[in-house]
Amino acid sequence: MKNIGLMVVVAMVMGSVVAAPLAYSDTVYNGAADGLITDAGNWSNFAPTNGNPGTVTGINVSSPEDLANLDITFTDSDLTRTVGNAAQNFNDVNLTFKGASDWETLGVGGAKDNFIVAKAGGTSTINWDSTGSLLNGGNFTLGNNAGQIGIFNQSAGTVGFQ
């Protein structure tokens, strides 16, 4: 009888060890390949996606392409997006800005670019918890009339439109 009790305790302890979740670590942006934020070669482990977040800390990033299916936190980093007279679309993203991060979206040659959150894909959230500023050269649009949802949360800093 004593042996059975001991086996149950060992099985319970071993079961809890086996069932323990593995620790998850974010991927970290390093810009090693071509500097594009969506290129896996610029990240320590993998290009981030929703559910697999990435972090950019203390690095200024220039990214001309639209951003989709991303989960990235920028801390003390600047993101500059420069495209030529086009809308800048952020579809199915979760972007967070912390510390003293700045984000500037400008058109090439002074063109006014539209800043569109969730135009064509899913629900997108931008969290602005930075003491820096977000500057946009055109219209600022959240969501669309086809059911896409755009959310912008601001708890610090400045948001400006030209």
Side-chain angles (χ1 to χ4, degrees), residues 20-144 148-162:
L22 298 174
Y24 178 81
S25 64
D26 293 348
T27 187
V28 177
Y29 180 84
N30 56 35
D34 58 13
L36 293 176
I37 202 139
T38 54
D39 186 335
N42 293 314
W43 295 89
S44 60
N45 297 320
F46 47 81
T49 60
N50 282 328
N52 296 306
T55 57
V56 178
T57 304
I59 297 176
N60 297 335
V61 179
S62 179
S63 187
E65 77 275 8
D66 290 336
L67 301 179
N69 190 30
L70 294 174
D71 186 345
I72 301 174
T73 296
F74 297 85
T75 302
D76 297 323
S77 301
D78 295 345
L79 176 63
T80 302
R81 289 178 37 81
T82 304
V83 296
N85 198 23
Q88 299 176 21
N89 297 303
F90 306 94
N91 295 309
D92 200 21
V93 299
N94 184 24
L95 304 178
T96 300
F97 292 83
K98 296 180 175 183
S101 297
D102 291 312
W103 189 1
E104 188 170 12
T105 61
L106 299 174
V108 175
K112 302 284 185 182
D113 289 322
N114 295 320
F115 184 98
I116 304 173
V117 180
K119 177 182 180 182
T123 298
S124 293
T125 303
I126 296 178
N127 298 301
W128 193 262
D129 187 23
S130 170
T131 58
S133 33
L134 184 154
L135 299 175
N136 181 57
N139 295 325
F140 184 78
T141 305
L142 294 174
N144 68 14
Q148 309 307 325
I149 300 170
I151 301 167
F152 186 89
N153 298 309
Q154 181 183 3
S155 58
T158 303
V159 176
F161 302 95
Q162 301 173 356

Restricting to non-hydrogen atoms, name the atom on [X] and the atom on [Y] that form the minimum distance, rounded to 0.1 Å.
{"X": "Trp128", "Y": "Leu134", "answer": "CZ2-N, 3.6 Å"}
{"X": "Ala100", "Y": "Ser130", "answer": "C-OG, 3.6 Å"}
{"X": "Phe152", "Y": "Val159", "answer": "CZ-CG2, 3.8 Å"}
{"X": "Pro48", "Y": "Pro53", "answer": "CB-C, 3.9 Å"}
{"X": "Ser77", "Y": "Gly58", "answer": "OG-N, 2.9 Å"}

So do [Y] and [X] actually touch side chain to side chain, heavy atoms under 4.5 Å?
{"X": "Asn127", "Y": "Asn94", "value": "yes"}
{"X": "Ser155", "Y": "Asp129", "value": "yes"}
{"X": "Thr75", "Y": "Thr55", "value": "no"}
{"X": "Phe46", "Y": "Asn52", "value": "yes"}
{"X": "Trp43", "Y": "Ile37", "value": "yes"}

Pairing residues for Asn69 by the side-chain hydrogen bond (donor to acceptor under 3.5 Å, both in side chains) criterion, not counting sequence neighbours =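 side-chain hydrogen bond (donor to acceptor under 3.5 Å, both in side chains) list for Asn69, sorted by chain: Asn50.
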
Under the ring-ring contact (aromatic ring centres under 6.0 Å, His included) test, which residues partner Trp103, sequence neighbours left out?
-> Phe90, Phe97, Phe115

Rounded to the nearest 0.5 angstrom, the CG-CD1 distance for Asp78 and Ile59 is 11.5 Å

Find the distance between CG (Asn60) and CG (Leu79) and round it off to the nearest 0.5 Å.
-> 9.5 Å

Any donor and acceptor pair, going by atom type alone, linking the side chain of [X] with main-chain N or O of [Y] inside 3.5 Å?
{"X": "Thr27", "Y": "Asn45", "answer": "yes"}
{"X": "Asn42", "Y": "Ala32", "answer": "yes"}
{"X": "Thr131", "Y": "Gly99", "answer": "yes"}
{"X": "Asp76", "Y": "Thr57", "answer": "no"}
{"X": "Ser124", "Y": "Gly150", "answer": "no"}

